[in-house]
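A quick write-up on the structure given underneath.
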Protein chains: 2
Amino acid sequence: MKPVRTEIVVIGVRERRTHALLLRLPGSVWALPGVDVPAGTTLEAAALSALEEQTGIRGPHLEQLYTFDRDGGAGVCVAHLCLVALERQALAPGPGVVEVRWFPMDDHPPLAGDAAAVLEYGRSRVRAKAAYAPIALQLLPESFTLGELQVVYEAVLDHDLDTRNFRRDVLQAGIVEATGASRADGPGRPAGLYRSGGGDFQVLARERRIARAIARAPGSDALRR
Amino acid sequence: MKPVRTEIVVIGVRERRTHALLLRLPGSVWALPGVDVPAGTTLEAAALSALEEQTGIRGPHLEQLYTFDRDGGAGVCVAHLCLVALERQALAPGPGVVEVRWFPMDDHPPLAGDAAAVLEYGRSRVRAKAAYAPIALQLLPESFTLGELQVVYEAVLDHDLDTRNFRRDVLQAGIVEATGASRADGPGRPAGLYRSGGGDFQVLARERRIARAIARAPGSDALRR
DNA sequence: TCAAAAGTGTTTCTCTTACACCCATGT
DNA sequence: ACATGGGTGTAAGAGAAACACTTTTGA
């Protein structure tokens, strides 16, 4: 018998950079959202309810990341990954939570325990998944421009992509489809709006160019042991 | 507080097929090696010692696979993956273990609980890793022929590879290096022996052909949620 | 009229694939 | 001598990468 904890790495993109959601408890340094999992509760259920109570984020898709030993085997912590459309999330610090904030992934305050390692693991996973799963769609609201989609990829991969190649690829793959509407905010030609197209991402060999970007990206070794 | 268990999917290759190591306890059906992890013991340490005690396999490299809920959240089970050079492993059923045996991965007896799902998860992971990590080297003894290496890949990927392309790729990548020695067993020209070359596997884009084979392979969706 | 973002095709080159025969040994 | 596995190169096609200008709007 051991204490089983779960923590959640919540990732979003803002201003061309990936951000992580952190929270501060009274008298404590910054930490990841998380909770001890009671017996009789599943890991995912515990993670979802902790996330909602502590940060106000409801019903996202969670993916299990890794299970870490804590305190030399005294307990374990099951880390989860959660991708959200940052701009659309209203944050609501729960009872006992002093503050909830987004921090740029590589410019965050000191974290409690091994949380920094957990965070980095989450970032590596997102990068690796970008090659074969349409993760960027989880990081954007329901409708978005192709420019926004590209920015999300560039932030996640930390690598610039060629606009023409990118547009051709995502359209040919059927990853996105035009809604017909368009949006003008600020100067510049209004951009067409798109939504998830349900196209099979991995069918398109073209996206291997993103796999290459990943291979070149820093920190990609973490998942490749 | 919950019971934390660990189980190990041990995989090897024999006769051109992937095999898994299973064991039988008295009055029980076949199951994966595993143990309840005592407080104060790390997951990996518990898994390693259970593996040695129950099957006689010592000191292999373990990789964490996934953490499963057990009995609706009553406990958790942290699955590990272990790749071994099957032919070189002497099996020694530990105290209380009736039998330890290798079974072809897709022709195994009924298993206790969710072990079949855990096993399948392990197989998917091996396949996925084959694209970017030299896993085949773990599945072979220290020195081996290129023919043996190719057979291992074909078994793992469940897909035939072109001999000339395969040899060119692994040699160019520096994955293996010739020992200079050669080996003649049975009829046929003696094969040169190779050892791990420490070459950076992922540097070589060529190995994408294996990534494709994976994409075509059955069951590859499991890891792509 | 200018600044700012959106949108659009083609060419070159590299990588992938497919493919067939001779070599060295054991029986 | 024959059966068995080891070992070798090339050519054609597909995919990836690099590349610059026109369009439409707000200020």
Side-chain angles (χ1 to χ4, degrees), chain A residues 15-16 130-132 140 143-155 157 159-173 176-194 201-217, chain B residues 15-16 131-132 140 143-155 157 159-173 176-194 201-216:
Chain A
E15 292 157 11
R16 297 173 181 268
Y132 58 80
L140 288 169
S143 93
F144 49 84
T145 69
L146 291 185
E148 287 166 344
L149 185 64
Q150 186 177 344
V151 163
V152 167
Y153 268 101
E154 290 174 340
L157 299 173
H159 189 276
D160 286 350
L161 299 172
D162 179 275
T163 302
R164 280 172 292 188
N165 292 337
F166 181 80
R167 297 171 67 92
R168 165 164 43 69
D169 291 352
V170 294
L171 291 173
Q172 266 188 25
V176 297
E177 59 185 21
T179 62
S182 66
R183 186 179 67 202
D185 48 0
R189 174 172 169 178
L193 290 173
Y194 292 79
F201 198 92
Q202 76 192 69
V203 157
L204 186 70
R206 291 296 180 80
E207 281 303 327
R208 282 185 289 174
R209 86 183 46 183
I210 291 178
R212 289 199 183 191
I214 291 168
R216 282 191 294 257
Chain B
E15 291 157 12
R16 298 173 180 266
Y132 57 80
L140 289 169
S143 92
F144 48 84
T145 71
L146 293 185
E148 288 165 344
L149 186 63
Q150 185 177 345
V151 164
V152 167
Y153 268 101
E154 289 175 340
L157 299 173
H159 189 277
D160 285 351
L161 299 172
D162 180 276
T163 302
R164 279 172 292 190
N165 293 337
F166 180 79
R167 295 171 67 94
R168 164 164 43 68
D169 292 352
V170 295
L171 290 172
Q172 265 189 27
V176 296
E177 59 184 22
T179 61
S182 65
R183 187 180 66 202
D185 48 0
R189 176 172 168 177
L193 288 174
Y194 293 79
F201 198 93
Q202 74 193 70
V203 155
L204 186 70
R206 290 297 179 79
E207 281 304 328
R208 282 184 289 173
R209 89 183 43 179
I210 291 177
R212 287 199 185 191
I214 291 167
R216 280 192 295 257

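Below, chains carry the letters A, B, ... as their sequence lines are ordered, and counting in each starts from 1.
We find the CG-CG distance between A:Asp169 and A:Asn165 to be 6.0 Å, quoted to the nearest 0.5 Å. The distance from atom OH of B:Tyr153 to atom CG of B:Asp160, rounded to the nearest 0.5 Å, is 15.5 Å.
Contact record, B:Ser182 with B:Gly192: CB-CA, 4.0 Å, taken as the closest heavy-atom pair. Taking each heavy atom of A:Arg183 and A:Thr145 in turn, the nearest pair found is NH2-CG2, 3.6 Å. The two residues A:Asp162 and A:Gln150 come nearest to each other via the heavy atoms C-NE2, 4.1 Å.
The nearest whole Å value for the distance from the CG atom in A:Leu149 to the P atom in C:dG7 is 12 Å. Rounded to a whole Å, the CG atom of B:Asp169 is 14 Å from the C1' atom of D:dT8. Between B:Arg189 atom CZ and C:dT25 atom C1' there is a gap of 10 Å when expressed in whole angstrom units. Atom-to-atom, CD of B:Glu148 to P of D:dG7 comes out at 11 Å; the value is rounded to the nearest Å. Atom P of nucleotide D:dT8 and atom CZ of B:Phe166 are separated by 14 Å, given to the nearest angstrom. The distance from atom CG of B:Leu193 to atom C1' of D:dG5 is 14 Å, rounded to the nearest whole Å. A:Gln172 has its CD atom 10 Å from the P atom of D:dA16, to the nearest Å. As rounded to whole Å, 14 Å separates atom P of C:dT17 from atom CG of B:Asp160.
Without hydrogens or angle criteria, B:Thr179 side chain to B:Leu193 main chain gives a donor-acceptor distance under 3.5 Å. Remark: the backbone N or O of A:Arg16 is not paired with any side-chain donor or acceptor of A:Glu154 at under 3.5 angstrom.
Looking only at side-chain heavy atoms (C-beta outward), A:Leu149 and A:Tyr194 stay at 4.5 Å or farther from each other. At least one side-chain heavy atom of A:Arg167 sits less than 4.5 Å from a side-chain heavy atom of A:Thr163.
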One character per nucleotide, please: for nucleotides 8-13 of chain C, 5' to 3', B when the base has a protein heavy atom closer than 4.0 Å, S when only the sugar-phosphate does, - otherwise.
BBB---

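Less than 4.0 Å separates DNA chain C from at least one heavy atom of each of the following residues of residues 178-188 of chain A: A:Pro187, A:Gly188.
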